[in-house]
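Chain A is the first sequence line, chain B the second, and so forth, proteins listed ahead of strands; every chain is numbered from 1.
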Number of protein chains: 2
Amino acid sequence: METLAEAAENGTDVCSVPPERHPRPDGQDSYTISEVVAFTGLTAHTLRWYERIGLMPHIDRSHTGQRRYCNADLDWLDLVGKLRLTGMPVADMVRYAELVRAGDHTYAERYDLLEATRRDVLARIAELKDTLAVLNRKIDFYADAGRAPASERR
Amino acid sequence: METLAEAAENGTDVCSVPPERHPRPDGQDSYTISEVVAFTGLTAHTLRWYERIGLMPHIDRSHTGQRRYCNADLDWLDLVGKLRLTGMPVADMVRYAELVRAGDHTYAERYDLLEATRRDVLARIAELKDTLAVLNRKIDFYADAGRAPASERR
DNA sequence: CGCTTGCTTGGAGTGCACTCCAGCGTTCTA
DNA sequence: TAGAACGCTGGAGTGCACTCCAAGCAAGCG
């Protein structure tokens, strides 16, 4: 169990919110890159690329230099995956990662960034619902038209 | 007022569902590319590119060869805009445009395409709601942490 | 021990959706 | 009627997010 300050120091995210289960319990959590590929659905290329651009905390290495991911890294990748499908640019996620690495004094900035993201997500959901309505009406139209001979507008 | 068959023939979409108002009434609907830019928020480059790749029906031209868009074109661009923000690839939208141009006998295929899109949209909304929940918990965490001294995990 | 499979690196390549450019013709305003 | 602003084309360029490559080291197995 690590303190908040420790978590901030070693670059992992402080609040690993979801109480989801990890493949291996804390303490025995050491995953090769291909295991992480299997868990996340990302490619090894992408995982290495995330690291190069600064989107990942420092990843442990084996004595021969191979990457060994831990549970906190898996949690981080989970968050990144969620943010990615909101349409958030990778550069913004890197910004957030930098704030996490920088330590506790960046809480306010992290809050602002997440709050802005939240607004974006809310707006996107609204847009999608709007699109859904249009789609539903068109689908109804084609369903009706397939049943009756094409003769009426709407 | 055009019949369904006419609409299908001239390549516009048969069911222009939303009863939204156009800048000019049918009959006087003739817009330059820059007017369409103003209405849609797209760039002129993008409008010409959409035409080149087959995403637009045939656009009228003035006697000197300049584009003159009509209300139906605006409706089509509105639909394209909505589909675009669902994340649908442009190639799929081109496919739908081809089906519309091909005529009435493609109703079943259009239905299938829209139905598949609908499922995608529903799935994306669910994903976004999931992300929103994570975001909300993190935001709450940082809001609390900003108030109290950083000392407790969560 | 040899073989296969996996992991390493920097750098180059890919696909998508635009985005811009040069060089020219057209239309509008004073 | 001059000048600015707008529109035309084919083709090249851009930015993003990966995606792949070559060459070499490392690990597990019969």
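The distance between atom CD of B:Q66 and atom P of D:dA5, rounded to the nearest whole Å, is 17 Å. Look at CD1 on A:I33: it is 19 Å from P on C:dT5, rounded to the nearest Å. The distance from atom CG of B:L55 to atom P of C:dA17 is 10 Å, rounded to the nearest whole Å. Distance CG (A:L83) to C1' (D:dA17): 16 Å, rounded to an integer number of Å. Taking atom CG on B:L47 and atom P on C:dT19, their separation rounds to 12 Å, with Å as the unit. Between the OH atom of B:Y69 and the C1' atom of D:dC8 there is a distance of 12 Å, given to the nearest Å. Rounded to an integer number of Å, the gap from CG of B:D92 to C1' of C:dC16 is 13 Å. In this structure, the CG atom of A:L85 is 16 Å from the C1' atom of D:dC18, given to the nearest Å.
Of the side-chain N and O atoms in A:R67, one or more sit less than 4.0 angstrom from OP1 or OP2 of C:dT9. Residue B:T64 has a polar side-chain atom (N or O) positioned under 4.0 Å from OP1 or OP2 of C:dT27. Contact annotation: A:Y50 side-chain N/O to D:dA17 OP1/OP2 distance is not under 4.0 Å. When the side-chain nitrogen and oxygen atoms of A:T32 are compared with OP1 and OP2 of C:dC7, one or more of them lie within a distance under 4.0 Å. Taking only side-chain nitrogens and oxygens, B:T46 never comes nearer than 4.0 Å to OP1 or OP2 of C:dA17. Side-chain N/O atoms of B:H45 include none lying less than 4.0 angstrom from OP1 or OP2 on D:dG10. Close to C:dT8, at under 4.0 Å from its OP1 or OP2, lies a side-chain N or O of A:R48.
In this structure, A:W76 and A:Y96 have parallel ring planes: the angle between them is below the 30° cut-off, well short of the 60° mark.
Position along DNA chain D of the nearest nucleotide to B:S34 versus A:T43 favours B:S34 as the more 5'-ward residue. Comparing B:R68 and B:P89 by the nucleotide of DNA chain C whose heavy atom lies nearest to each, the residue mapping closer to the 5' end is B:P89.
The listed nucleotides are C:dT26, D:dA27, C:dT19; the one nearest the side chain of B:R52 is C:dT19.
Once rounded to the nearest 0.5 Å, the distance linking OG1 of B:T46 with CZ of B:R84 reads 8.0 Å.
In this structure, a donor-acceptor pair under 3.5 Å is present between the side chains of A:R118 and B:N136. Using modelled atom types, one finds a donor on one side chain and an acceptor on the other under 3.5 Å when comparing B:Y31 with B:N71.
A:S62 comes within contact range of no nucleotide atom at all, as no heavy-atom separation falls under 4.0 Å.
Looking at A:R95 and A:E98, a side-chain N of the basic residue comes within less than 4.0 Å of a carboxylate O on the acidic one, giving a salt bridge.
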